[in-house]
2 protein chains.
Amino acid sequence: MSQYSGKNRVLVAVDCIIFGFDGTEMKILLIKRGFEPEKGRWSLMGGIIHPNETLDHAASRVLKQLTGLENVYMEQLHTFGEVERDPVERTLSVVYFSLIDINKFKKQINQEYHSEWFPLKKLPSLIFDHRDMVELAKQKLRYKAAFHPIVFEMLPEKFTLPQLQNLYEGIFDTLMDKRNFSRKVLSTGLLIKQKDKERLSSKRGAFYYKLDKRKYQTKFNAFLNFIPNPTNLG
Amino acid sequence: MSQYSGKNRVLVAVDCIIFGFDGTEMKILLIKRGFEPEKGRWSLMGGIIHPNETLDHAASRVLKQLTGLENVYMEQLHTFGEVERDPVERTLSVVYFSLIDINKFKKQINQEYHSEWFPLKKLPSLIFDHRDMVELAKQKLRYKAAFHPIVFEMLPEKFTLPQLQNLYEGIFDTLMDKRNFSRKVLSTGLLIKQKDKERLSSKRGAFYYKLDKRKYQTKFNAFLNFIPNPTNLG
DNA sequence: ACAAAAGTGTTGTTCGTACACCCATGG
DNA sequence: CCATGGGTGTACGAACAACACTTTTGT
């Protein structure tokens, strides 16, 4: 069996879970599936891998195809391999999740896919095992966000502390005390206070902050303490 | 393109990283590859997936084939998809890692593979990208062990606190204070002190402990604090 | 009797949590 | 002038880190 002859080859797809944050709540980007089976139902964006591209490359390609975005945060999540998960033919799915700045996404980029943002808490029914994929991604995001300052990948260059808090609250599906929250995030030294304020969502206005990108690079792999309440992390 | 025609299919393998603990240090189980290419070099145990089995099933099958063990702790780690990772033909590898009680492994089960335990710190050169796989598995094990009582999967029914401490020290490649360590692990309530002692590795002898399996089930997904020193976890 | 590893307690510090009031502004 | 959301400080308790001596026993 030295040349792998007589072995079975299978279709391999990548599917992308795309998280975004609109300033108030967490959302994910879905598409209306344009072909059979399950045509017209909601689905993650995906595609079959090409013969000469890596998995990471395929995932980036698929993401760009839908969003027009490149160089966004992306991470392999899990490979789904149930035999009957796709009724047409056995297909493995290597699932990636990505975090994007929702403002950079312009729907016009690719009307072909009929994409739409859905609040994490109000997802429609999804095809195949895509619901499992999303659940796993939510869980992974919680783990990651609990220790690493990863959430900034979903924020625009300037953001406010209340926005940041909303984001964490959305991820962990919990409420936090704003005094403790601000002390904690400011103590990381990752934030730089700006002179101007965001004045749309409140009368008084909230100061903008920017990420200190130098420190962000340095501290990304360090362990920080963003856990709001350990018992919620299951 | 409704029936996925004209798409490219690829070989998919599973590879298993098998961790064990001999009472003193962490080890992994490797085999001497028995076929070309790279025949005779050290490798992870692996195999091509069958048409009608899930990935998890393939991993369990491969593990059993080598060790004779079933129902051991096993978790999907990552899928490796570099185009040229296997020189013969493009092959994806879905990598699993498992934790086994090294005492339950009997080499005689399958001489065919020429398997051997290597200390984590003295690994031989490995084929393909297997070194990357092992590095990633070490990192994942650290993450997991930092918060979940997963390490007991590698211990026999009865074990001593010094053994347990050696195990943590091996995983995190660090030294811990035995007073703080014992207080911490005992405070989880997961351990039951036995009346007898292990007398081989010291003159005075160390009390055996058993895992409280009921509490272990319950607390497995809770967040515990096994982090020895956060800065070592990167 | 001594070498070698097991076992145990206290203290200071850090971190997390709980909690309440004033501020700035637009309407 | 008042309703809304932004911003700040303090006090208590829990968890962690640092640290040293006594016990057992085989040789």
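Side chains included, hydrogens not; waters and symmetry mates left out as well; all remaining heavy atoms used. Note on naming: letters A, B, ... go to the chains in the order of the sequence lines (proteins, then strands), and numbering restarts at 1 for each one.
In this structure, the side-chain contact (heavy atoms from CB on, under 4.5 Å) partners of B:Lys32, at least two apart in sequence or on a different chain, are B:Trp42, B:His114. Residues satisfying the ring pair (Phe, Tyr, Trp, His ring centres under 6.0 Å) test with B:Phe80, not counting sequence neighbours, are B:His78. In this structure, the side-chain contact (heavy atoms from CB on, under 4.5 Å) partners of A:Arg204, at least two apart in sequence or on a different chain, are A:Lys197.
Computed from coordinates, the A:Glu198 CD to D:dG5 C1' distance equals 11 Å when rounded to whole Å. Rounded to a whole Å, the CZ atom of B:Arg199 is 17 Å from the P atom of D:dT23. Counting to the nearest Å, the P atom of C:dA5 and the CG atom of B:Asn166 are 11 Å from each other. The distance between atom NZ of B:Lys203 and atom C1' of C:dA1, rounded to the nearest whole Å, is 12 Å. A straight line from CE of B:Met176 to C1' of C:dA5 spans 18 Å, rounded to a whole angstrom. Atom-to-atom, NZ of A:Lys184 to C1' of D:dT8 comes out at 18 Å; the value is rounded to the nearest Å. Remark: C1' of D:dA18 and CG of B:Leu175 are 15 Å apart, rounded to the nearest angstrom.
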Would you give me the side-chain donor-acceptor pairs under 3.5 Å for residues 145-158 of chain A, sequence neighbours excluded?
residue, atom, partner, partner atom, Å
A:His148, ND1, A:Phe220, O, 2.8
A:His148, ND1, A:Ala222, O, 3.2
A:His148, NE2, B:Tyr143, OH, 2.6
A:Glu153, OE2, A:Tyr216, OH, 2.7
A:Lys158, NZ, A:Asp196, OD2, 2.5

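A salt bridge links A:Lys121 with A:Asp173; the closest basic N to acidic carboxylate O contact falls under 4.0 Å.
Within the structure, no pair that satisfies the ring-ring contact (aromatic ring centres under 6.0 Å, His included) test touches residues 189-215 of chain B, not counting sequence neighbours.
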Just the table, please: protein N/O against nucleotides 6-12 of chain C N/O, every pair under 3.5 Å.
residue, atom, partner, partner atom, Å
C:dA6, N7, B:Lys178, NZ, 3.0
C:dA6, N3, B:Arg204, NH1, 2.5
C:dG7, OP1, B:Phe207, N, 2.9
C:dG7, N7, B:Lys178, NZ, 3.0
C:dG7, O6, B:Lys178, NZ, 2.9
C:dG9, O6, B:Arg183, NH2, 3.2
C:dT10, O4, B:Arg183, NH2, 3.4

